[in-house]
**Q** 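The structure under discussion is supplied below as structure tokens; questions concerning it will follow.
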Amino acid sequence: MELLGVHARVDAAGNLCGFYPGTERKAPRLLIGSHLDTVPNAGAYDGVLGVVLALALLEELRGRRLAFGIEVLGFSEEEGVRFGIPFIGSRALVGRLDRELLDAQDAQGISVRKAIQNFGLNPEEIPQAELESDALGYIEFHIEQGPVLENLNQPLAAVEAIAGQSRLEFIFCGRANHAGTTPMHLRRDALAGAAEWISAVEQAARGVHGLVATVGKIGVKLGATNVIAGEARLTLDVRHRSDDIRLRAVEDLIGKAREIVARRRLSVTETTLLDQRAVAMDSVLVEEIERAICKTGCKPHRMTSGAGHDAMIVAEKIPAAMIFLRSPGGISHDPAESIAVEDVEKAIECGLHLLDQLAASPEFQKRINRA
Ligand code: GLV
Ligand code: MN
Ligand code: MN
């Protein structure tokens, strides 16, 4: 960032920020970025590609100043892997990193608050990370993480909406006992109950168009070959572009868990970790992105993102939109995740057109004057 003449800093929530000024010293800012964290055994592009692309755009500007400044953002914690709660960095920008979230703990019992302190930051200063009134909008480049663009044989898409998501933790409890001496009909096996429910989750999601539901993590207490499991902890991730359908599905799956535990003489408790509504992207920005894609000689495609993104959080406060890059094989959250160099070139070209279009857009000029 510094090589590009960008003033770089880390905000109170651990987000990496770099400011490239506009023509006027006080010009308002357009935010461009994505996240720096990732999932276990990840690929190399989810998140960080969007941060690097923002820097590539600044590099391509070669010192040219626009009617607005550009703030490059590398969000600190988007995936929610460590604490089970995603979007920690972007929540700080919209003032939603509250006390309850700061108290959430990782598997080692370290709270978000403590982790922030251990990183050398002061959680009391988090309100200082909130967006200022001069933030004009937010643009995020990201890999699609799915097969749609590859199937269409197109490199880029404009994202018009991001599906809502629910994340929950379920604890199935039974009775730990001896695997050799306890007859099958007298068992209260928490893991067998959880397994029945996992199948029910898959079946339920298959029955609803556009619904996806995943049990991605399971832990058994104490977990030994010759012990019937007394406790099983599972996560549930449910997504749909319609919040009503998603919330109904979550209710149905909780009901299904209750039905299974009653029949098997087990018990179950569930905790909601995330209830994030679906979010529409800003229509002006989406149209400008489509125009910019057209100028690169590609067909503009509009799509809904099934993956969650910082853009859906930032959109609570300022206009936001995203540009997807084709994901070869539709693979993501895996080391096989990849991108094509030609698609990255198209993304940079599209981004430069977009910046010039926004600088010339009467609608954006109004926003600049208001900021
Ligand atoms: C973020 O990658 C998500 O889970 O959608
Ligand atoms: Mn991800
Ligand atoms: Mn991502």
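Atoms within each ligand, like the ligands themselves, are counted from 1 in listed order.
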**Q** Do any N/O/S atoms of E79 come under 2.8 Å of the Mn ion (ligand 2)?
**A** yes
**Q** Show the atoms of ligand 1 that are less than 4.0 angstrom away from any heavy atom in G308.
**A** 1 (C), 3 (C), 5 (O)
**Q** Evaluate the salt bridge (Lys or Arg N to Asp or Glu O under 4.0 Å) criterion for residues D237 and R239: first the C-alpha distance (whole Å), next the side-chain angles of each, then the deciding distance (0.1 Å), finally the verdict.
**A** CA-CA 7 Å; D237 178 312; R239 308 187 191 202; 2.8 Å; yes
**Q** Is there an N/O/S atom in H309 at a distance below 2.8 Å from the Mn ion (ligand 3)?
**A** no
**Q** Please name the pair of heavy atoms, one in E59 and one in L4, separated by the smallest distance, quoted to 0.1 Å.
**A** CA-CD2, 3.7 Å
**Q** Do any N/O atoms on Q145 end up under 3.5 angstrom from N/O atoms on ligand 1?
**A** no
**Q** Under a 4.0 angstrom heavy-atom cut-off, which atoms of ligand 1 come close to R167?
**A** 3 (C), 4 (O)
**Q** Tell me whether the centres of the aromatic rings in H35 and H142 are closer together than 6.0 Å.
**A** yes
**Q** Taking both backbone and side-chain atoms of G306, is any N or O found less than 3.5 Å from an N or O belonging to ligand 1?
**A** no
**Q** Which of the numbered atoms in ligand 1 are below 4.0 angstrom from a heavy atom of A307?
**A** 5 (O)
**Q** The Mn ion (ligand 2) to H35: any N/O/S contact under 2.8 Å?
**A** no
**Q** Has ligand 1 got any nitrogen or oxygen that is less than 3.5 angstrom from a nitrogen or oxygen of D46?
**A** no
**Q** So which of the N, O or S atoms of D46 lies nearest the Mn ion (ligand 3)?
**A** OD1
**Q** Is the charged tip of R233 near the ring of F170: under 6.0 Å from the six-membered ring centre and within 45° of its axis?
**A** no
**Q** Do other residues, nucleotides or ligands put more than 12 heavy atoms under 6.0 Å from the CG atom of L3?
**A** no
**Q** What protein heavy atom sits nearest atom 4 (O) of ligand 1, and how far off is it?
**A** R239 NH2, 2.7 Å
**Q** Going through the distances and angles, do M312 and Q276 end up as a side-chain contact (heavy atoms from CB on, under 4.5 Å)?
**A** CA-CA 9 Å; M312 74 196 303; Q276 172 63 50; 3.5 Å; yes
**Q** How close do I85 and E77 get, counting heavy atoms only, and between which atoms?
**A** O-OE1, 4.3 Å
**Q** Side chain, backbone, both or neither: which part of M312 comes within less than 4.0 Å of ligand 1 when only heavy atoms are counted?
**A** neither
**Q** For the CD1 atom of I162 and the OG1 atom of T304, what is their distance to the nearest 0.5 Å?
**A** 9.5 Å
**Q** Taking the six-membered ring of Y20 as reference, does the cationic atom of R65 (NZ for Lys, CZ for Arg) lie under 6.0 Å from its centre and within 45° of its axis?
**A** yes
**Q** As an exercise, identify every atom of ligand 1 less than 4.0 angstrom from a heavy atom of H333.
**A** 2 (O)
**Q** Nearest heavy-atom pair of V51 and G74: which atoms, and what distance?
**A** CG2-CA, 3.9 Å
**Q** What part of H309 sits under 4.0 Å from ligand 1 if we count only heavy atoms: the side chain, the backbone, both or neither?
**A** neither
**Q** Specify the protein heavy atom at minimum distance from atom 2 (O) of ligand 1: its residue, its atom name, and the distance to 0.1 Å.
**A** E79 OE1, 2.9 Å
